[in-house]
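Below is one structure, written out as structure tokens; comments come after it.
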Amino acid sequence: MKIKAFRRENGRYGIRNHLLVMPTSVCAADTAARIAAQVPGAVSIPNQHGCCQISSDLLLTQKTIVGFGRNANVGAVLVVGLGCDGIQAEAAAAEVAETGKPVEHVVIQETGGTLKTISRGVELAASMARKLSTQVREECDISELIMGLECGGSDPTSGLASNPTIGYASTKLVDNGGSSILSETTEVIGAEHLLAARFADPLQREKFLRLVKAVEDRAISMGEDLRSGQPTPGNKAGGLSTIEEKSLGCMYKAGTSPFTGALDYAEEVPDAHGLYFMDTPGQDIDSITGMVAGGAQLVIFSTGRGTPTGCPIAPVIKITGNPETFEKMPDNIDINAGRIISEGATVAEIGEELFEMMIEVCNGSMPKAESLGHKEFGIYKLTGTF
């Protein structure tokens, strides 16, 4: 099974050809955004961190933004730093450059301030944009695709219709040699024993269970109960009553494939293709950001209540299992899996429809979130900023 994508210097393929203007910290974010605004085709990310963070929290931010730069959907990168921030632009650029893609960096305190940095940044970015514009899509195998699986604003129809449909498509992708990522650690609590049984590698199974327990322990250490935030008020209004009920519906997105491995937040997906679990929060934006930083080029997002969420560098396909939501939010929802409930359609029928749309999006067509310019971005934080 073939798709058409952009071949990168390291042999990977991207289904988009973005020029990423990447701020290393919140202090450089506005300058980066102004540079991207002046170069057609460039996109920036609103990084709100990168300074005055400590140890593992700072490293997590660096891993996440570097992961965005390394993602195969990005053809070239301009790194923008302030100079005294926690993440140094030159070091971040060097990590992205390991992929072989074109990378440049500018530092505001060394370039002469905001205006001179914007001028120099636009000069560099425009040059890279011209080179990217000459690239054409090449035929490649669908096994090159890494797909992120997300759900948000869930209701009971998510577990009954849209999540099983995503699971069908995920299993078909993995059967064809591709990779999928199930995420949202808080939303597998109560169902973790069912997922753990699908890990063939005992070490990876132990890692998965350790990741789940760490989230529970972290909440307890803070004197909090995860049930105070899960299910969310919207989930409850939609009909979900417990975190376990939500988890049992969420896990259907994983389909029936065995798990190949468990990943930390924003950890790069290995060359060994298959189904992975990634440790992310249940919060949709942070979760998608982690999977895309890990290499996902495409995200499939099920929503019962409806959400407009997108991503700066990866197209996001929206599917709902609620026919009323599909009627109420035609601007945002791509596929109505509610026909499984209201019209007797089968999971396989809607699953094939979703898979066909995945192929079209890989080849360049835009799902609704992408066509509306939704570029939500958020990095998971382990602790407060000091």
Side-chain angles (χ1 to χ4, degrees), residues 1-3 5-16 59-60 63-64 66-74 95-96 98-101 138-150 166-185 188 192 194-212 214 250-280 287-300 313-314 355 358-359 362:
M1 192 172 294
K2 303 295 183 183
I3 58 174
F6 299 96
R7 191 176 192 280
R8 301 304 176 205
E9 290 77 0
N10 61 359
R12 295 200 168 182
Y13 287 82
I15 63 173
R16 295 294 184 266
L59 292 174
L60 187 65
K63 183 168 71 169
T64 304
V66 167
F68 261 57
R70 294 171 65 96
N71 187 293
N73 282 355
V74 173
E95 287 190 70
V96 175
E98 291 172 357
T99 63
K101 68 180 66 176
E138 301 176 19
E139 189 173 83
C140 66
D141 196 85
I142 198 170
S143 60
E144 298 292 336
L145 182 64
I146 301 172
M147 184 168 69
L149 313 175
E150 183 69 29
I166 291 177
Y168 178 94
S170 173
T171 299
K172 184 167 182 175
L173 175 62
V174 172
D175 287 347
N176 279 276
S179 299
S180 288
I181 310 171
L182 180 72
S183 61
E184 303 174 279
T185 308
V188 302
E192 67 266 36
L194 300 173
L195 296 175
R198 293 166 54 182
F199 280 79
D201 184 335
L203 293 178
Q204 293 298 312
R205 183 188 308 123
E206 290 174 16
K207 179 178 179 181
F208 164 71
L209 291 171
R210 190 166 62 249
L211 292 172
V212 176
C250 174
M251 64 176 279
Y252 275 106
K253 299 198 303 296
T256 58
S257 306
F259 280 93
T260 301
L263 306 170
D264 295 320
Y265 184 85
E267 183 177 350
E268 197 164 87
V269 175
D271 289 334
H273 297 188
L275 175 64
Y276 287 85
F277 177 82
M278 179 178 284
D279 180 28
T280 77
S287 180
I288 290 175
T289 297
M291 291 188 286
V292 173
Q297 305 114 310
L298 173 68
V299 177
I300 309 296
I313 63 169
F355 201 84
M358 288 164 49
I359 299 292
C362 285

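As the structure is a prediction and not an experimental result, all values here were calculated from the model. The figures here come from the full heavy-atom set of this structure, side chains too, leaving out hydrogens, waters and symmetry mates. Position 1 is the first residue of the sequence; numbering continues from there.
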Tell me if a side-chain donor or acceptor on [X] pairs with a main-chain N or O of [Y] at a distance below 3.5 Å.
{"X": "Lys63", "Y": "Tyr265", "value": "yes"}
{"X": "Lys207", "Y": "Gly261", "value": "no"}
{"X": "Asn71", "Y": "Ala296", "value": "yes"}
{"X": "Lys172", "Y": "Phe355", "value": "no"}
{"X": "Thr171", "Y": "Thr256", "value": "yes"}
{"X": "Ser179", "Y": "Leu275", "value": "no"}

Verify the neighbour count for atom OH of Tyr252: are there more than 12 heavy atoms of other residues, nucleotides or ligands below 6.0 Å?
no

Side-chain heavy-atom pair [X], [Y] within 4.5 angstrom cut-off:
{"X": "Val174", "Y": "Met147", "answer": "no"}
{"X": "Met251", "Y": "Val188", "answer": "no"}
{"X": "Met358", "Y": "Ile142", "answer": "no"}
{"X": "Ser183", "Y": "Leu149", "answer": "no"}
{"X": "Thr260", "Y": "His273", "answer": "no"}

Nearest heavy-atom neighbours spanning [X] and [Y]:
{"X": "Ser170", "Y": "Ala254", "value": "OG-O, 4.3 Å"}
{"X": "Cys250", "Y": "Glu184", "value": "SG-OE1, 4.1 Å"}
{"X": "Gln297", "Y": "Asn73", "value": "O-ND2, 2.9 Å"}
{"X": "Met278", "Y": "Asp264", "value": "CG-O, 3.6 Å"}
{"X": "Thr289", "Y": "Phe68", "value": "O-CE1, 3.4 Å"}

So, taking the atom named CG in Asp141 and the one named CD1 in Ile3, what distance separates them when rounded to the nearest 0.5 Å?
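Output value for this atom pair is 8.0 Å.
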
Go through Leu195 and Leu182 one step at a time and tell me if the side chain to side chain contact (heavy atoms under 4.5 Å, CB included) criterion holds.
CA-CA 10 Å; Leu195 296 175; Leu182 180 72; 4.0 Å; yes

Would you please classify the geometry between the Phe277 ring and the Phe208 ring as parallel, tilted or perpendicular, with 30° and 60° separating the classes?
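The arrangement is perpendicular - the two ring planes meet at more than 60°.
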
Chi angles and distances behind the side chain to side chain donor-acceptor pair (under 3.5 Å) call for Asn10, Thr99
CA-CA 6 Å; Asn10 61 359; Thr99 63; 5.1 Å; no

Indicate whether any N or O donor in one side chain lies under 3.5 Å from an N or O acceptor in the other, for Ser287 and Glu150.
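Yes.
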
Would you mind telling me which of Glu9, Glu98, Glu95 makes a salt bridge (charged side-chain N to carboxylate O under 4.0 Å, His left out) with Arg70?
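The single option meeting the salt bridge (charged side-chain N to carboxylate O under 4.0 Å, His left out) with Arg70 is Glu98.
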
